[in-house]
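Reminder, nothing fancy here: chain letters follow the sequence lines and each chain counts from 1. Below, each value reflects all heavy atoms present in this structure, side chains not excepted, and no hydrogens, waters or symmetry copies.
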Amino acid sequence: MKDFRKSVLIGISGGVDSAVAAAILQERGYHVEGLYLRNGFPVGGEEAAATVADRLGFPFHVLDITESFRTDIVDYFAGEYLAGRTPNPCIVCNKRIKFRYLRKEARARGLGCIATGHYARVKERNGSFQLLKGIDTTKDQSYFLFQLGQEELAQLILPNGDRTKGEIRKLAQDLSLPPRAESQEICFIPDDNYRTFLEDYPVALPSPGNIIDREGTIVGKHRGTHTVTIGQRKGLNIASSRPYYVIEINTGKDEVIVGRDEDQFSHGLRAHHCSWISGDFPSHGTFQARVCIRYRHRGVDAEITPLPRGRVRVDFTTPQKAVASGQAAVFFRDDLLLGGGWIEGGLHDA
RNA sequence: UGGGGCGUCGUCAAGCGGUAAGACACAGGACUUUGGUUCCUGCAUUCGGAGGUUCGAAUCCUCCCGCCCCAG
């Protein structure tokens with residue numbers, strides 16, 4: 001008889017992090033079962049995941065979620081680029097795929113908890129759950145989990161959150177887990193090239209057009225607005241005394257606007273579809289927080305002003321580069337993740 | 001075919017007799033559970049062409065080719 005509260009379904013990818021996380025759970029006396037989500041793309045580590053389960057000796061399940069992965073993730077991903085935004089598929093996948101199916105399968109299998117190999121921590125406090133940054137701040141992945149809520153957190157265990165990447169690697173060695181050394185990019189794009197991926201995807205692509213500077217002078221050509229993203233420098237093919245960066249994408253005119261390094265700064269941003277991990281929207285006025293504009297962004301202190309309909313205005317204390325619409329703005333107070341939203345655009349005028 | 005100027009890496013550009021800086025671009029790598037950024041490495045045996053002077057020239061001379069400007 002397995003103890004419901006001591007049983008866990010862990011999402012395993014085939015990588016070291018989830019493998020070690022599973023081992024840690026076993027060590028803690030959990031009944032562990034593993035779930036691999038097959039997304040329909042041949043990039044995954046299904047075989048490696050099966051090997052890990054076999055090595056560690058726990059039941060291994062595979063769930064084919066190709067259908068929803070395509071509509072919820074890949075379509076979203078392509079749509080964002082076509083709209084001139086910069087998607088973050090991992091965040092969306094965590095909320096709509098990974099944790100959703102993990103919970104669903106756990107329930108179906110009578111397992112009380114779910115787990116992943118993310119570097120973040122869950123803490124219970126007065127009956128509510130908090131998400132904290134991982135101890136290893138250089139590896140912290142709480143950014144990717146900002147959309148989770150109390151429902152997920154209530155049954156979530158993140159064994160790697162209070163360990164460093166080094167410790168995890170060491171554990172992997174000690175357990176002689178198959179080394180699958182790789183830092184995968186987007187899990188469904190094999191060659192790391194999202195541009196060619198989009199070109200192969202069944203969507204109507206934007207037309208080639210001009211690259212112009214802030215004065216409107218044509219300085220180059222692009223192959224379609226979907227091939228560039230805010231803050232991009234490489235691949236523009238513009239020879240100049242100093243590098244150019246993409247500062248704006250005009251899909252209506254098929255135009256890409258570039259500027260110099262100093263033209264990249266915004267003093268704030270607006271975000272929409274904000275979610276607050278505690279469940280409560282902070283509707284009572286402005287508050288201070290540290291905001292991360294992208295994964296591995298060190299964060300900047302800012303003033304957050306809630307706006308109607310789940311929107312928010314953020315004013316940085318220090319201007320930030322390459323605020324990209326489509327990316328997430330995630331708010332922290334020290335290690336505590338408060339919530340986050342999707343960036344509509346940067347604020348440029350005072 | 002009167003005068004003047006210029007031709008050095010894909011682009012911009014140092015060098016002015018002592019044996020080809022740098023920047024941008026590009027390529028590869030590192031970093032990385034998103035894109036971008038960043039970092040590292042590589043990138044003209046050769047200076048429009050052909051001769052000449054010199055121990056030695058991209059640097060001086062001659063001619064040729066090609067641009068640009070001012071006069072015609």
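Within the model, atoms OH of Y295(A) and CG of D140(A) stand 7.0 Å from one another, a figure rounded to the nearest 0.5 Å.
Residue whose closest nucleotide on RNA chain B sits further toward the 5' end, between D261(A) and Y244(A): Y244(A). Mapping T138(A) and P243(A) onto RNA chain B by nearest heavy atom places P243(A) closer to the 5' end of the strand.
Listed nucleotides: U38(B), A25(B), U34(B). Nearest to the side chain of A239(A): A25(B). The Y81(A) side chain lies nearest to G35(B) when the options are G35(B), C24(B), U37(B). Of the candidates G35(B), A25(B), G36(B), the closest approach to any side-chain atom of Q232(A) belongs to G36(B). Which of C24(B), C26(B), C31(B) sits closest to the side chain of R296(A) comes down to C31(B). Picking from U33(B), C26(B), U34(B) the nucleotide with the shortest atom distance to the side chain of R294(A) gives U34(B).
Across all strands shown, nothing is found opposite U34(B) as a Watson-Crick or G-U wobble partner with both distances under 3.5 Å. Across every strand in view, C6(B) sits in a pair with G66(B) that passes the Watson-Crick or G-U test at under 3.5 angstrom. A 3.5 Å limit on both hydrogen-bonding distances identifies G22(B) as the Watson-Crick or G-U partner of C12(B). When both pairing distances are held under 3.5 Å, U46(B) makes no Watson-Crick or G-U pair with any nucleotide shown. With a cut-off of 3.5 Å on both pairing distances, the Watson-Crick or G-U wobble partner of A27(B) is U41(B).
Between C70(B) and G28(B), the two P atoms lie 46 Å apart (nearest whole Å). Here, G36(B) and C43(B) have their P atoms 26 Å apart, quoted to the whole Å. Straight-line distance between the P atoms of G42(B) and C67(B): roughly 38 Å, to the nearest whole Å. Distance noted for atom P between C47(B) and G10(B): 13 Å (whole Å).
Cation-pi geometry between K133(A) and F332(A) is met: the NZ or CZ atom falls under 6.0 Å from the ring centre, inside 45° of the normal. In this structure, K139(A) is not positioned above the aromatic face of Y119(A) in the sense of NZ or CZ being under 6.0 Å from the six-membered ring centre and within 45° of the axis.
Distance I238(A) CD1 to C12(B) P: 15 Å, rounded to the nearest Å. Distance I73(A) CD1 to U33(B) P: 19 Å, rounded to the nearest Å. As rounded to whole Å, 11 Å separates atom C1' of U33(B) from atom OH of Y119(A).
The pair R311(A)-E344(A) counts as a salt bridge, with a side-chain nitrogen and a carboxylate oxygen less than 4.0 angstrom apart.
The base of U34(B) sits with one of its N or O atoms less than 3.5 Å from a complementary donor or acceptor on the side chain of Q327(A). No hydrogens or angles were tested; on distance alone, nothing pairs the side chain of R233(A) with the base of G36(B) as donor and acceptor under 3.5 Å.
The residue R195(A) sits close only to the backbone: its heavy atoms come under 4.0 Å of sugar-phosphate atoms, none of a base. Residue I91(A) is classed as having no contact, given no heavy-atom separation below 4.0 Å to the nucleic acid. Note on T86(A): a base of the nucleic acid sits closer than 4.0 angstrom, heavy atoms only. Looking at heavy-atom distances under 4.0 Å, G235(A) makes contact with sugar-phosphate atoms alone, never a base. Within 4.0 Å of Y194(A), counting heavy atoms only, lie sugar-phosphate atoms of the nucleic acid but no base atom. Across all strands, Q141(A) comes closer than 4.0 Å to base atoms (heavy-atom distances). As judged by a 4.0 angstrom heavy-atom cut-off over every strand, K139(A) is placed among residues touching the sugar-phosphate backbone only. In this structure, A328(A) reaches neither bases nor backbone, as no heavy-atom distance under 4.0 Å exists between it and the strands shown. Residue F77(A) is out of contact with every strand shown, counting any heavy-atom pair closer than 4.0 Å.
Side-chain contact annotation: Q320(A) with H267(A), donor-acceptor N/O pair under 3.5 Å absent.
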Does the pair Y201(A) and F77(A) meet the rule for a ring pair (Phe, Tyr, Trp, His ring centres under 6.0 Å), with working shown? CA-CA 11 Å; Y201(A) 204 65; F77(A) 178 79; 8.6 Å; no
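For residues 199-229 of chain A, proximity to RNA chain B is found at T229(A), defined as any non-hydrogen atom under 4.0 angstrom from a strand atom.
For the side chain to side chain contact (heavy atoms under 4.5 Å, CB included) test with I247(A), the passing option among D263(A), V256(A), I230(A) is D263(A); the others fail. When each of L158(A), I135(A), L131(A) is paired with R121(A), the side chain to side chain contact (heavy atoms under 4.5 Å, CB included) condition holds for I135(A) and for no other.
For R260(A), the salt bridge (charged side-chain N to carboxylate O under 4.0 Å, His left out) test picks out no residue, with sequence neighbours left out.
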